[in-house]
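The structure appears right after this line, and notes come after that.
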Protein chains: 2
Amino acid sequence: MYRLTTSIPYLLNRLGVRMGELFSRRLQPYGLTLAMYRVLASLAEQPGQRLGDLADMTSIELSTMSRLISTMVGAGLVTRKRLPTDDRTVSIDLTSEGQRLAAILIAEAQHYEDVAVSQLSDADVRQLKSLLGEVYAATDILEAELSTSAPGRL
Amino acid sequence: MYRLTTSIPYLLNRLGVRMGELFSRRLQPYGLTLAMYRVLASLAEQPGQRLGDLADMTSIELSTMSRLISTMVGAGLVTRKRLPTDDRTVSIDLTSEGQRLAAILIAEAQHYEDVAVSQLSDADVRQLKSLLGEVYAATDILEAELSTSAPGRL
DNA sequence: TATTGTTATACTCTATAACTATA
DNA sequence: TATAGTTATAGAGTATAACAATA
């Protein structure tokens with residue numbers, strides 16, 4: 001019998017909300033939100049992303065991202081410039097201040113994750129990440145099903 | 001070297017957002033939000049919860065829950081009544097319509113999860129759930145650290 | 001005094017769509 | 001026509017605090 005509290009979406013949401021809340025408190029002294037942290041960390045990993053890439057990467061909706069980047073440009077954390085090769089497209093980059101903050105916060109995030117998994121073996125941590133990736137890949141099947149089967153017909 | 005895109009919070013968020021979006025589309029024909037589904041499914045599993053229990057269970061903030069329950073009472077899905085034993089406390093229960101919807105949606109959720117994990121062995125699924133639970137338990141250590149160590153001092 | 005829940009406010013996010021500019 | 005991004009709006013969420021009622 002299926003129970004909410006042992007379902008994968010429930011467990012994901014519960015852990016994600018909890019970890020997000022705790023890390024958000026870490027970000028508060030820097031005047032940053034979790035979304036801003038994700039943008040900084042994403043750009044530190046992959047500089048010069050387009051707005052749409054950044055939205056996909058961070059699971060933040062495109063129009064939200066557009067406004068968020070405006071805020072972050074105003075705060076001196078990132079730059080936004082049109083591409084010479086395609087004038088529809090913008091390229092987002094870290095400023096030096098953005099890089100400085102990103103380095104600090106990524107170190108905090110690493111420590112934070114280390115503590116969170118301190119009761120697990122390295123093999124378990126690898127397994128967890130691998131399984132999360134595999135389920136994510138399988139969501140494409142779910143999406144395909146959505147378009148073929150009507151709701152209530154399951 | 002720590003990378004955002006292989007970090008646990010990132011992978012959790014990415015998968016959680018994705019699964020949430022897809023399941024939300026399933027709920028749309030019923031006029032329900034994901035939060036409402038969680039309340040219905042939580043009450044189906046554990047009837048007669050207090051408002052605070054329900055908020056903890058579903059990771060929905062208490063004041064949000066209070067308003068959400070008002071909406072759901074109005075929609076005829078749940079009832080809210082004060083406890084005779086403690087007049088501060090309210091007990092939330094499913095109406096028969098709420099029970100009917102909950103049964104349908106839980107069946108949908110089960111199918112949905114089955115598809116999402118269809119590429120995984122049963123052992124892997126159990127392992128995933130177990131690891132998510134273990135990391136959740138370890139977040140108490142994170143919370144304790146928050147009160148003792150100052151930000152930036154990691 | 002502490003607990004439980006309600007209400008109010010400001011801010012943020014999502015979903016959606018309309019719009020601009022460019023390809 | 002399709003793509004990339006911006007802007008606007010409605011609805012819902014969070015965070016926070018003030019508040020009422022009860023224990």
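Values reported hereafter were calculated over all heavy atoms of this structure, with side chains retained and with hydrogens, waters and symmetry mates removed. Residue numbers start from 1 in every chain, and the chains themselves are labelled A, B, ... in the order their sequence lines are given, proteins ahead of strands.
Every salt bridge (Lys or Arg N to Asp or Glu O under 4.0 Å) that A/E97 has, sequence neighbours left out, goes to A/R100.
Distance A/D56 CG to D/dG5 P: 10 Å, rounded to the nearest Å. For the pair B/L22 CG and C/dA15 C1', the computed distance is 15 Å after rounding to whole Å. Regarding A/L51, its CG atom lies at a distance of 13 Å from the C1' atom of D/dT3, rounded to whole Å. Between A/R88 atom CZ and D/dA4 atom C1' there is a gap of 6 Å when expressed in whole angstrom units. Taking atom CG of residue B/L62 and atom P of nucleotide C/dT3, one finds them 14 Å apart after rounding to whole Å. Note: CD (A/E21) to P (D/dT14) measures 9 Å, nearest angstrom. D/dT3 atom C1' lies 13 Å from atom CG of A/L83, rounded to whole Å. Between B/D86 atom CG and C/dT3 atom P the separation is 12 Å, expressed in whole Å.
Counting only heavy atoms from C-beta outward, the side chains of A/L32 and A/L40 approach each other to under 4.5 Å. In this structure the side chain of B/I141 reaches within 4.5 angstrom of the side chain of A/Q119, judged on heavy atoms. Within the 4.5 Å cutoff, no side-chain heavy atoms of B/M19 are placed close to those of A/N13.
Within residues 63-77 of chain A, the residues having any heavy atom closer than 4.0 Å to DNA chain D are, in order of number, A/S63, A/S66.
Between D/dT16 and A/Q28, a contact under 4.0 Å exists linking OP1 or OP2 to a side-chain N or O. Taking only side-chain nitrogens and oxygens, A/R50 never comes nearer than 4.0 Å to OP1 or OP2 of D/dG5. Taking 4.0 angstrom as the limit, A/R82 places none of its side-chain polar atoms (N or O) nearer than this to OP1 or OP2 of C/dA21. The phosphate of D/dG5 has neither OP1 nor OP2 within less than 4.0 Å of any side-chain N or O from A/Q49.
Side-chain contact annotation: B/E143 with B/T139, donor-acceptor N/O pair under 3.5 Å absent.
The only member of B/I92, B/L68, B/I60 that meets side chain to side chain contact (heavy atoms under 4.5 Å, CB included) when paired with B/L54 is B/I92.
The cationic group of A/R26 does not satisfy the cation-pi geometry with A/Y112, failing either the under 6.0 Å distance to the six-membered ring centre or the 45° limit from the ring axis.
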